[in-house]
Amino acid sequence: MKILGIIPARAGSKGVPGKNIKLLGDKPLIAYTAISSRESSFLTDTIISTDSEVIANVAAKYNIQVPFIRPAGLATDKASSIDVVIHAVEALSAEGRRYDAVCLLQPTHPFRQQGFIDKAIKKFIEAGTDSLISVLAVPAEFNPHWVFEVTSNGNLAVATGDKEIITRRQDLPEAFYRDGNIYLTKISSVLDQRSLYGKSISYIESDPRWHVNIDTPHDWELATEIVLRINSPKVDE
C-alpha cells in the first residue's frame, strides 16, 4: 500500500504565533513530526503542506518534501483539514504521483513514540477499514452513558438514550475520543466522500503521558514539560 504522509503547517497561528517553527526544547515544533515521519518504514512519501516559505525552508532542513506552497485560501483558520488533504492529493496526482491512502500528521501533536506511526499503519491495513484514528480513553465521569442532556420539558435524560442509568463504573462500556495524533484514510474516502473517516473506522490508542494539542500558551508550557520528561533518563517508555 502506497501511503502519503501529510504534515499541515500554516503560518497564521493566533493562539501561539509562529508556533510551527518556534523552538520547543532544542528544535522547532514541526521538527518533531518531521522526524517521526522519517522514522516510518511504511510511509511512501511525506510532504509539508504550508503557505509559508519560511516554514518550507525549515521543513527542508529535516528532509521533508515541499512540493508546493499551499494557496492562501487554504491557509486560513476556517480552512478544513479535508480540503487541505484533497489539495495535496490532487496536486501530486497531477504530477503522476498516486497513493492508496493518506496519513495526516499534525505538528501540534508533536510527541509520537518511536514505531507508533508504523504500528498504526499496520493495524489500518489489517483492519481493512476506510480509516484509522488515534484515540485516548474517555474518563469514566465523561462516559456517554453518564452524560445527560436536557429534554424538551427541562428534565435530564441519559445522552445515549438508555432507559436505566448504569450505576457501576466497572459496567461502563469502553469509550474513546480522537486525540488528533494520527489520521489514516483511504484515498477513495478522501476524494469520493470528502471525508477523513469514510464509513468504517478502526483505532489505535495513544499513550496519554505524551499527549498535548498545542493551541494556547498553556499548551506550549505543557509541551515544554513533556520535552523535559522525554529527555529525562528516568522516563520509562
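Within the structure, every pair that satisfies the ring-ring contact (aromatic ring centres under 6.0 Å, His included) test and touches residues 56-100, not counting sequence neighbours, is listed here: Phe68-His87. Legend: ring-ring contact (aromatic ring centres under 6.0 Å, His included) pairs involving residues 172-197, not counting sequence neighbours, sorted by first then second residue: Phe176-Tyr203. Annotation: side-chain hydrogen bond (donor to acceptor under 3.5 Å, both in side chains) contacts involving residues 35-44, sequence neighbours excluded, comprise Ser40-Asp118.
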Evaluation steps, side-chain contact (heavy atoms from CB on, under 4.5 Å), between Phe42 and Ile125: CA-CA 11 Å; Phe42 294 157; Ile125 294 172; 5.6 Å; no
For the pair Arg97 and Asp45, evaluate salt bridge (charged side-chain N to carboxylate O under 4.0 Å, His left out) and give the outcome as yes or no after the intermediate values. CA-CA 10 Å; Arg97 299 170 62 180; Asp45 297 303; 3.7 Å; yes
Please lay out, stage by stage, how Ile3 and Val102 fare under the test side-chain contact (heavy atoms from CB on, under 4.5 Å). CA-CA 5 Å; Ile3 302 176; Val102 295; 6.0 Å; no
Assess whether side-chain contact (heavy atoms from CB on, under 4.5 Å) is satisfied between Val147 and Asn143, documenting all intermediate values. CA-CA 6 Å; Val147 172; Asn143 189 287; over 6 Å; no
Criterion side-chain contact (heavy atoms from CB on, under 4.5 Å) on Ile47 and Val66, from CA distance to verdict: CA-CA 6 Å; Ile47 67 164; Val66 189; over 6 Å; no
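Residues forming a salt bridge (Lys or Arg N to Asp or Glu O under 4.0 Å) with Lys163 (at least two apart in sequence, or on another chain): none. Judged as a salt bridge (Lys or Arg N to Asp or Glu O under 4.0 Å), and not counting sequence neighbours, Asp162 has no contacts. Applying the side-chain hydrogen bond (donor to acceptor under 3.5 Å, both in side chains) test to Ser80 and every residue at least two apart in sequence or in another chain returns Asp83. Every side-chain hydrogen bond (donor to acceptor under 3.5 Å, both in side chains) that Thr216 has, sequence neighbours left out, goes to Asp219. For Ser134, the side-chain hydrogen bond (donor to acceptor under 3.5 Å, both in side chains) partners are Asp179, not counting sequence neighbours. Residues meeting the side-chain contact (heavy atoms from CB on, under 4.5 Å) test with Ala157, sequence neighbours left out: Thr151. The side-chain hydrogen bond (donor to acceptor under 3.5 Å, both in side chains) check on Arg168 picks up Asp171, with sequence neighbours excluded. Qualifying side-chain contact (heavy atoms from CB on, under 4.5 Å) partners for Pro208, counting only residues two or more places apart in sequence or in other chains: Leu136.
The structure places CZ of Arg70 at 8.5 Å from CD1 of Ile55, a figure rounded to the nearest 0.5 Å. Here Ser189 contributes atom OG and Ile82 contributes atom CD1; the two are 9.0 Å apart, rounded to the nearest 0.5 Å. Distance check, rounded to the nearest 0.5 Å: NZ of Lys186 to CE of Met1 gives 6.5 Å. To the nearest 0.5 Å, atom OG1 of residue Thr224 and atom CD of residue Glu221 are 7.5 Å apart. To the nearest 0.5 angstrom, Lys2 atom NZ is 10.5 Å from Ile187 atom CD1. Note that CG of Asp130 is 8.0 Å distant from OG of Ser195, once rounded to the nearest 0.5 Å.
You'll find the side chain of Cys103 stays beyond 4.5 Å of the side chain of Ile6, heavy atoms only. Between Leu228 and Ile226 the shortest side-chain heavy-atom distance does not fall below 4.5 Å. Within the 4.5 Å cutoff, the side chain of Ile182 has heavy atoms near those of the Phe116 side chain. The side-chain heavy atoms of Val212 and Glu225, taken from C-beta on, include no pair separated by under 4.5 Å. In this structure, the side chains of Thr46 and Ile7 come closer than 4.5 Å at one or more pairs of heavy atoms. Here the side chains of Gln113 and Lys119 are not in contact, with every heavy-atom distance at 4.5 Å or above. Under the 4.5 Å side-chain criterion, counting only non-hydrogen atoms from C-beta, Asp215 is not in contact with Thr108. Side chains of Arg10 and Thr50 form no contact here, defined as non-hydrogen atoms less than 4.5 Å apart.
The hydrophobic clustering, which links ILVMFWY residues whose side-chain heavy atoms are closer than 4.5 Å, places Leu92 and Leu43 apart. Note on Val138 and Val158: separate hydrophobic clusters, where clusters join Ile, Leu, Val, Met, Phe, Trp and Tyr whose side-chain heavy atoms are under 4.5 Å apart, directly or indirectly. Placement of Leu105 and Val85 in two distinct hydrophobic clusters is found when ILVMFWY residues are connected by side-chain heavy-atom separations under 4.5 Å, directly or transitively. Val190 and Ile133 fall within the same hydrophobic cluster, defined by Ile, Leu, Val, Met, Phe, Trp and Tyr side-chain heavy atoms under 4.5 Å apart, directly or through other members.
With Asn155 contributing its side chain and Val150 its backbone, the two residues share no donor-acceptor pair below 3.5 Å. Between the Ser131 side chain and the Thr185 main chain, no donor and acceptor come within less than 3.5 Å of each other. Counting only distance, with no hydrogens or angles, the side chain of Trp146 and the backbone of Ile165 share no donor-acceptor pair below 3.5 Å. For the pair Arg229 (side chain) and Arg209 (backbone), a donor-acceptor distance under 3.5 Å is present.
Shortest non-hydrogen contact noted between Asp51 and Ala11 is OD1-N, 2.9 Å. Ile48 and Ala59 get closest at one heavy-atom pair: CG1-CB, 3.4 Å. In this structure, Leu74 and Val84 approach most closely via the heavy-atom pair O-CG2, 3.8 Å. Minimum heavy-atom separation, Leu132 to Phe124: CD1-N, 3.7 Å. Residues Pro217 and Val16 share a closest heavy-atom pair of N-CG2, 3.8 Å. Between Leu104 and Ser81, the shortest heavy-atom distance links the atoms CD2-CB, 4.3 Å.
In this structure, a donor-acceptor pair under 3.5 Å is present between the side chains of Thr129 and Ser202.
With a 6.0 Å cutoff to the six-membered ring centre and a 45° limit on the axis angle, Lys22 counts as a cation-pi contact of Trp220.
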Report all side-chain donor-acceptor pairs from residues 23-35 shorter than 3.5 Å, counting only partners two or more places apart or in another chain.
{"residue": "Tyr32", "atom": "OH", "partner": "Leu24", "partner atom": "O", "Å": "2.5"}
{"residue": "Thr33", "atom": "OG1", "partner": "Arg112", "partner atom": "NH1", "Å": "2.9"}

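With a 6.0 Å radius and a threshold of 12 heavy atoms from other residues, nucleotides or ligands, Glu174 has its CD atom at or below the threshold.
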